[in-house]
Amino acid sequence: ASGIATLFAVYHYLEAHCGMGFFWDGDHVPRRNLVPAEGIEIATQPRFNERMLMNLTLYWYSVPWWEWEDWRQYIDWAIKNRYNILSLWDTPGEDEAWYQAWKKLGVEIAESSCSGPPFGIFAPIKYQVQPPLPAAWREGQSDLNRKIIEYSRSRGMRTLAPAITGIVPPEFTSQYPGARTFQISWAGLPKQNYLHPSDPMYHRVGRTFLEEYVSLYGTDHLYWLENYLECEIHGPDELQKEVRREVAGANFRVMNEVDPKGIGILSSWTFLFQPSAWTPDLIREHLERVPPDRLRVLDQWAEQYPIFKQMDYFIGRPWYFGVVHSFGGNTNLHGNMPLIERQLKEVASDPRAEQCVGFSPTEEAILHNYFYFQFLAKLGWNPAEVDLKSFTRQYAVTRYGDAAAAAMQGALEELLQSVYSSDDLARPLRAQPLYWHRPRPDEDFHVGQRAAYIPHLRRALERALEAKQALAENSLYLHDLNDMARQYLSELFNAHLLKLNEAHSTLDLGKFEEEAAKVTAILEEIEGLLSHDDYYWLSSRIKKARRLPGALPDTDRRARDIFTLWAGVIRDYACRDFYELVQGYYKPRVTVYVQELRERIRLGQRLLYNSQDLDAKYDAIEKKWVAEGFPLVETPARPSRVIDSVEKFLRAYPPGQVPTAPVKRT
């Protein structure tokens, strides 16, 4: 009975009965002479009526340089997969609203005060981190935000407005010296001044901003409510308790004046990261500052650390089940699909979870792990209507077509017995390639346990190659083959790097050189795979970033920095397989590491004599790559070359040579 419901119905029919598939990296549209109609009767309803996408960190790790066409494709994918809310809880579009609001309040902000793109999206670093923020960038992002919102609404999708955070610019104090402020910091970056939520100025500033935002972009009556997330509040304990208790209520009062129909959404993330500060009593008081019927609590990491049971299902408040499958650098194949299926089925059938009205994947990085995220979308509609086995069968048909479905289903089942059935976040680096981080002699030996995945990944590749004739020009297949191949090689790399460390610890030079040759060769194979397809090129993103209105002269450097040094505070957090990153940043670090261990063996040293010296070498490689960059790739991409590459290295690494996990040294 609504436009978006009609869209959902049409796409559901096309997928379920016509073999079409709708994915982040493209659609699969089979050739058919007829579409079926006779005997088809479909009735389905969502278990979770509100299904919300997007996380603020996507503006760092996935979308900072997106153009309108990228956003349109993403919104289309969301609708085809039955999401109905797009979260803009922190968006570059708010910068223009804040600029106009401060101007009305008599505060003129210098461009050099504001954090530059892409860093300043998060309120606690809105100022003083790699400025400037040019007017042309601010206005260009405002125009883009307007397109995003208008297009979403035209398809029946609602958008979530950003929070009134309380942060004030450096120029604020001289204009309003009597306002009550305190300081907040995040990740060791400069402290920021915040208005106390009980100060009258908090309400005045918040209302001015929200009115300006609504004037620019309209409203869908959904608003983010601030509670400082994982930030550190500076000041006496009583001050910290006050601001935590009052901030959501202060936001609600502003929202209610501007929009009496507004609903506030509040994250549980801060309860996880500040458990000693957020006592159960304080959380209750915090929630009670907002009327229950005007609130949604986002249990943001519920698949890993559910808060809803600990908090008595949020004492009757409506809430969302949130999933953070991927942090900034978790773009390799990973995810416990049987577990997430079981968790969502349990919540959906739990009578105490009746007030769980929403589902929200708030991943930090997107455009990867298509298999996992398509399954998540199905579970987010109604867990009772899907099971992993039948989903895998249907996914193979809708992504690859009938002719290749059997082989590709076999490949997917091998992934489900390995990388897609593992508790990979129990140790943050377990699932990641070790070359994404500075190599160390004392690498986590639990990584070695993943050697058991290597045979499954090899069989997945062998099954996928059975479909190469039918799918040689299918971009979806070529992406998946590349992803599976790099996962296989990265697991081999990890296992051989541990063998290399073991050889060093026993001063076995012959074994060391054997493992060094394998580690180097595997990394070169990975580099080659990435060179085939511009989907894995950082150059493509940099070219796009340069085209955006108001792009800064050092945009290239910023694009390199966000994936590596991150303004000097969280190095290698957003690590991933980009061709240029592997070639010029990861591989040179591995080379230096191998050279260092070789020298230690020559000197008979089982431990690093001076780890600071090695760190200095790493530091030089990293800073040089970020500062100086690389020539952008101009040669045409040839994704289909991945088939020959996979066949070649499968011959080079026969099954009998798969390493076993080394014994941990004591």
Side-chain angles (χ1 to χ4, degrees), residues 24-25 57-67 69-70 73-74 116-119 121 130 326-332 364-369 432-433 435-438 475 478-479 482-483 485-487 489-490 523-548 551-568 570-590 618 621-639 641-642 645:
W24 270 340
D25 55 338
T57 52
L58 292 181
Y59 290 99
W60 291 329
Y61 309 131
S62 292
V63 311
W65 319 117
W66 273 12
E67 299 172 301
E69 183 60 22
D70 301 303
Q73 291 176 7
Y74 180 71
F119 299 99
I121 185 65
Q130 296 202 10
S326 292
F327 289 85
N330 292 103
T331 56
N332 50 300
E364 292 189 354
I366 55 175
L367 306 184
H368 58 89
N369 281 286
Q432 291 184 338
Y435 59 82
W436 282 2
H437 301 272
R438 291 178 169 185
S475 65
L478 297 175
H479 283 175
N482 202 313
D483 287 347
R486 286 182 295 108
Q487 188 68 38
L489 289 172
S490 71
L523 203 49
E524 288 175 352
E525 294 282 7
I526 292 169
E527 180 187 337
L529 288 170
L530 295 166
S531 72
H532 299 331
D533 193 341
D534 59 3
Y535 197 79
Y536 305 105
W537 296 354
L538 192 53
S539 294
S540 307
R541 287 156 177 79
I542 289 175
K543 291 175 185 178
K544 192 172 292 186
R546 289 174 175 178
R547 296 196 297 263
L548 291 171
L552 291 163
D554 66 341
T555 289
D556 295 28
R557 183 194 61 77
R558 292 169 181 268
R560 296 189 294 268
D561 184 76
I562 198 70
F563 292 114
T564 52
L565 302 183
W566 215 111
I570 41 178
R571 183 186 59 242
D572 292 341
Y573 179 71
C575 44
R576 65 197 60 200
D577 275 350
F578 283 132
Y579 166 58
E580 303 90 338
L581 195 54
V582 170
Q583 181 186 59
Y585 184 94
Y586 297 145
K587 192 167 74 170
R589 291 196 309 198
V590 172
Y618 287 151
I621 291 168
E622 294 157 359
K623 288 181 177 178
K624 185 176 187 294
W625 188 85
V626 172
E628 298 180 9
F630 45 82
L632 300 189
V633 181
E634 302 293 347
T635 55
R638 295 174 59 190
R641 292 174 62 190
V642 68
S645 292

Can you name the nearest heavy-atom pair linking [X] to [Y], along with the distance?
| X | Y | result |
| --- | --- | --- |
| Val633 | Lys543 | O-NZ, 2.9 Å |
| Pro588 | Ile621 | O-CD1, 3.7 Å |
| Leu58 | Pro64 | O-CD, 3.8 Å |
| Ala574 | Arg576 | O-NE, 3.2 Å |
| Asp70 | Glu67 | OD2-N, 2.9 Å |
| Ala551 | Ala545 | CB-O, 3.4 Å |

Output yes when a side-chain donor or acceptor of [X] lies under 3.5 Å from a complementary backbone atom of [Y], and no otherwise.
| X | Y | answer |
| --- | --- | --- |
| Asn482 | His479 | no |
| Glu364 | Phe327 | no |
| Arg589 | Trp436 | yes |
| Arg558 | Pro117 | yes |

If you measure from [atom1] on [X] to [atom2] on [Y], what distance do you get to the nearest 0.5 Å?
| X | Y | atom1 | atom2 | result |
| --- | --- | --- | --- | --- |
| Arg541 | Thr555 | CZ | OG1 | 15.5 Å |
| Arg486 | Thr331 | CZ | OG1 | 7.5 Å |
| His532 | Trp537 | NE2 | CH2 | 10.5 Å |
| Tyr535 | Asp25 | OH | CG | 5.0 Å |
| Thr57 | Ile366 | OG1 | CD1 | 10.0 Å |
| His437 | Tyr573 | NE2 | OH | 10.5 Å |

Original post:
Do the non-hydrogen side-chain atoms of Tyr74 and Val63 ever get within less than 4.5 Å of each other?
Top reply: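 Side-chain contact under 4.5 Å: no.
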
Subject >> Parallel, tilted or perpendicular, as decided by the 30° and 60° cut-offs, for the rings of Trp24 and His368 >> reply: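 Rings of His368 and Trp24: tilted, as their planes differ by 30° to 60°.
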
Subject >> side-chain contact (heavy atoms from CB on, under 4.5 Å) partners for Asp556, two or more places apart >> reply: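 Here the qualifying residues are Ile542, Arg546, Arg560.
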
**OP:** Show your working on side chain to side chain contact (heavy atoms under 4.5 Å, CB included) between Tyr586 and Thr564 and close with a plain yes or no.
**Re:** CA-CA 10 Å; Tyr586 297 145; Thr564 52; 5.7 Å; no

**OP:** Using ring pair (Phe, Tyr, Trp, His ring centres under 6.0 Å) as the criterion, point out the one residue from Trp566, Trp60, Tyr61 that pairs with Phe119.
**Re:**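 Checked Trp566, Trp60, Tyr61 against Phe119; only one passes ring pair (Phe, Tyr, Trp, His ring centres under 6.0 Å): Trp566.
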
Original post:
Residues two or more places apart in sequence or in another chain: which of them pass salt bridge (Lys or Arg N to Asp or Glu O under 4.0 Å) with Arg638?
Top reply: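 None.
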
**OP:** Go through the steps to decide whether Leu489 and Leu529 satisfy the test side chain to side chain contact (heavy atoms under 4.5 Å, CB included), and finish with yes or no.
**Re:** CA-CA 10 Å; Leu489 289 172; Leu529 288 170; 3.7 Å; yes

**OP:** Would you check, one step at a time, whether the test side chain to side chain contact (heavy atoms under 4.5 Å, CB included) holds for Asp577 with Ile526?
**Re:** CA-CA 9 Å; Asp577 275 350; Ile526 292 169; 4.2 Å; yes

Show every donor-acceptor pair shorter than 3.5 Å between a side-chain atom in residues 578-585 and any protein atom, with sequence neighbours excluded, or say none if there are none.
{"residue": "Tyr579", "atom": "OH", "partner": "Gln583", "partner atom": "NE2", "Å": "3.2"}
{"residue": "Glu580", "atom": "OE1", "partner": "Leu538", "partner atom": "N", "Å": "2.7"}
{"residue": "Glu580", "atom": "OE2", "partner": "Leu538", "partner atom": "N", "Å": "3.3"}
{"residue": "Glu580", "atom": "OE2", "partner": "Ser539", "partner atom": "N", "Å": "2.8"}
{"residue": "Glu580", "atom": "OE2", "partner": "Ser539", "partner atom": "OG", "Å": "2.5"}
{"residue": "Gln583", "atom": "NE2", "partner": "Glu527", "partner atom": "OE2", "Å": "3.2"}
{"residue": "Tyr585", "atom": "OH", "partner": "Asp572", "partner atom": "OD1", "Å": "2.9"}

